[in-house]
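Down below is the structure, laid out as structure tokens.
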Amino acid sequence: MRLGIETNTGIEVAVISQFKRATRDWFARDAAALARDLLGCRLVRVQPDGTRLSGMIVECEAYLGVHDRASHAYAGRRTERNAAMYADPATAYVYFTYGMHYCVNAVCGKVDEPVAVLLRALEPVEGLEIMRELRSKSRARRRETALKDRDLCSGPGKLCQAMAIDRKLNGADLASGDLLFIERPLRRSGKLEVVNTTRVGIDFAGEWKDQLLRWYVKGNEHVSVKG
DNA sequence: ATGACGATTTACT
DNA sequence: GTAAATCGTCATA
């Protein structure tokens, strides 16, 4: 239970919410089901100094393993970079892309089965001002205007920046670790309207680009792309 | 050793 | 809407 969370306006309001750590068993299933269920859960990052950053997961994509042309494990590719995909469920797979961005996945399925869920967007909950600093840091030119809340975690690369997630967290244990983990609500937090559609940024994937493997919270302003 | 390319973000026309 | 940024990774040689 947690009393008092930071709101978009910076005002603290008293709320009663109950979350518990997601267990390894909870991750040990197919990626599509997990992707859907991750919506509404919290991703939590505890920094070295103990500062807690968190956000509600509002957008996810499932990557289905060796047959999925969009997956890093397509055709059984197993390299140093994607090794974490073959690890235990609840392992974090963090990879570097486009020469400048990190993306984070929750590995699921069984051991040696390279299936995972890409976390694409969060609605910031704890540590918004720290996130703002982390996000401003790497910008080429400082902007006079502060970043809006919706610019903090509305994309896979942005959320890693805002949550201080980089290659050091590749292989982290999302179930038992203390650095990066998932909390799920004990009670279904009201009605969560969900949209199921196609994945983003995988035009190279042939027929697999049409599969409906992306889920997001309908109407949530932190979702990265509409559609 | 070399070259091509991103599961993206940002700035600019 | 288009294009630049930017470099680790991987396949090929």
Side-chain angles (χ1 to χ4, degrees), chain A residues 30-32 34-36 38-39 43 55 57-87 91-109 113-122 124 131-171 196-216 221-227:
Chain A
D30 77 273
L34 179 66
R36 166 60 186 83
L38 275 166
L39 298 179
L43 178 67
I57 297 169
V58 297
E59 180 184 352
C60 285
E61 286 177 355
Y63 287 83
L64 302 191
V66 299
H67 301 297
D68 182 353
R69 203 161 164 191
S71 170
H72 290 164
Y74 175 62
R77 285 196 299 257
R78 187 169 190 163
T79 64
E80 198 170 358
R81 174 171 82 147
N82 72 6
M85 292 188 81
Y86 292 83
T91 298
Y93 168 43
V94 179
Y95 67 89
F96 184 67
T97 191
Y98 288 102
M100 62 195 96
H101 300 296
Y102 291 98
C103 295
V104 61
N105 293 254
V107 173
C108 52
E113 186 185 33
V115 294
V117 175
L118 172 68
L119 306 182
R120 286 193 57 91
L122 310 176
M131 290 183 186
R132 228 180 297 280
E133 289 172 21
L134 288 164
R135 284 276 295 133
S136 302
K137 227 183 244 178
S138 66
R139 302 193 126 201
R141 294 159 192 168
R142 289 192 214 162
R143 295 201 145 188
E144 296 302 323
T145 57
L147 274 76
K148 297 171 184 173
D149 291 354
R150 71 177 54 155
D151 288 324
L152 296 178
C153 299
S154 54
K158 296 180 187 178
L159 78 87
C160 282
Q161 220 171 36
M163 300 277 285
I165 295 168
D166 64 19
R167 70 178 65 249
K168 292 191 294 294
L169 289 173
N170 186 35
N196 179 208
T197 182
T198 54
R199 294 175 291 183
V200 176
I202 54 155
D203 290 344
F204 59 85
E207 297 177 356
W208 280 87
K209 79 180 194 302
D210 299 320
Q211 294 267 348
L212 304 180
L213 292 173
R214 174 174 174 239
W215 286 261
Y216 65 84
E221 65 174 356
H222 300 274
V223 170
S224 67
V225 207
K226 298 170 188 174

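A, B, ... follow the sequence lines: proteins, then strands. Residue 1 opens every chain.
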Single hit among A/Q161, A/R135, A/M131, A/R120 for side chain to side chain contact (heavy atoms under 4.5 Å, CB included) with A/C153: A/M131
Nearest-nucleotide pick for A/M100, side chain only, options being B/dT8, B/dG6, C/dA5: C/dA5
Proximity to the side chain of A/K158 - top-ranked nucleotide from B/dA7, C/dG8, B/dT9: B/dT9
Minimum-distance nucleotide to A/T97 side chain [options: C/dT9, B/dT10, B/dT8]: B/dT8
Nearest-angstrom distance from the residue atom CG of A/L147 to C1' of B/dT9: 12 Å
Integer-rounded Å distance: C/dT6 P and A/D166 CG: 19 Å
A/F96 ring over C/dG8 six-membered base ring, under 5.5 Å and 30°: no
Atom-to-atom span, OH of A/Y98 to C1' of B/dG6 - whole angstrom: 5 Å
Whole-Å distance separating the CD atom of A/E59 from the P atom of B/dA7: 16 Å
Whether A/W215 side chain and A/V58 backbone form a donor-acceptor pair below 3.5 Å: no
B/dA4 pairs with, by Watson-Crick or G-U criteria that keep both distances under 3.5 Å: C/dT9
Rounded interatomic separation in angstrom, taking OH from A/Y93 and P from C/dT9: 10 Å
A/N82 side chain vs A/T79 backbone, donor-acceptor pair below 3.5 Å: yes
Heavy-atom side-chain proximity of A/R69 to A/I202 below 4.5 angstrom: no
Value in whole Å for how far the P atom of B/dT10 lies from NZ of A/K137: 16 Å
Out of C/dC7, B/dT8, B/dA7, whichever nucleotide has its closest atom nearest the side chain of A/I202: B/dA7
Sugar-phosphate, base or nothing in reach of A/Y95, heavy atoms under 4.0 Å: base
Side chain A/R214, main chain A/A62, donor-acceptor under 3.5 Å: no
Under 3.5 Å donor-acceptor, A/D210 side chain and A/T198 backbone: no
A/D68 side chain to A/Y63 backbone, donor-acceptor under 3.5 Å: no
Gap between atoms OH and C1', on A/Y102 and C/dC7 respectively (whole Å): 10 Å
Of the listed nucleotides B/dT8, C/dA5, B/dA7, the one nearest the side chain of A/M85: B/dA7
Whole angstrom value for the distance that separates C1' of B/dA7 from NE2 of A/H101: 12 Å
Donor-acceptor contact present, side-chain A/E61 to main-chain A/V117, <3.5 Å: no
Could you list, one pair per line, each protein nitrogen or oxygen that sits under 3.5 Å from a nitrogen or oxygen of nucleotides 10-13 of chain C, together with the distance?
| unit_1 | atom_1 | unit_2 | atom_2 | d |
| --- | --- | --- | --- | --- |
| C/dC10 | OP1 | A/T79 | OG1 | 2.1 |

Short side-chain N/O contact from A/R167 to OP1 or OP2 of C/dT9, under 4.0 Å: yes
Phosphate-side-chain proximity, A/H72 and B/dA7, N/O vs OP1/OP2 below 4.0 Å: yes
Watson-Crick or G-U counterpart of C/dT2, or none if no pair lies under 3.5 Å: B/dA11
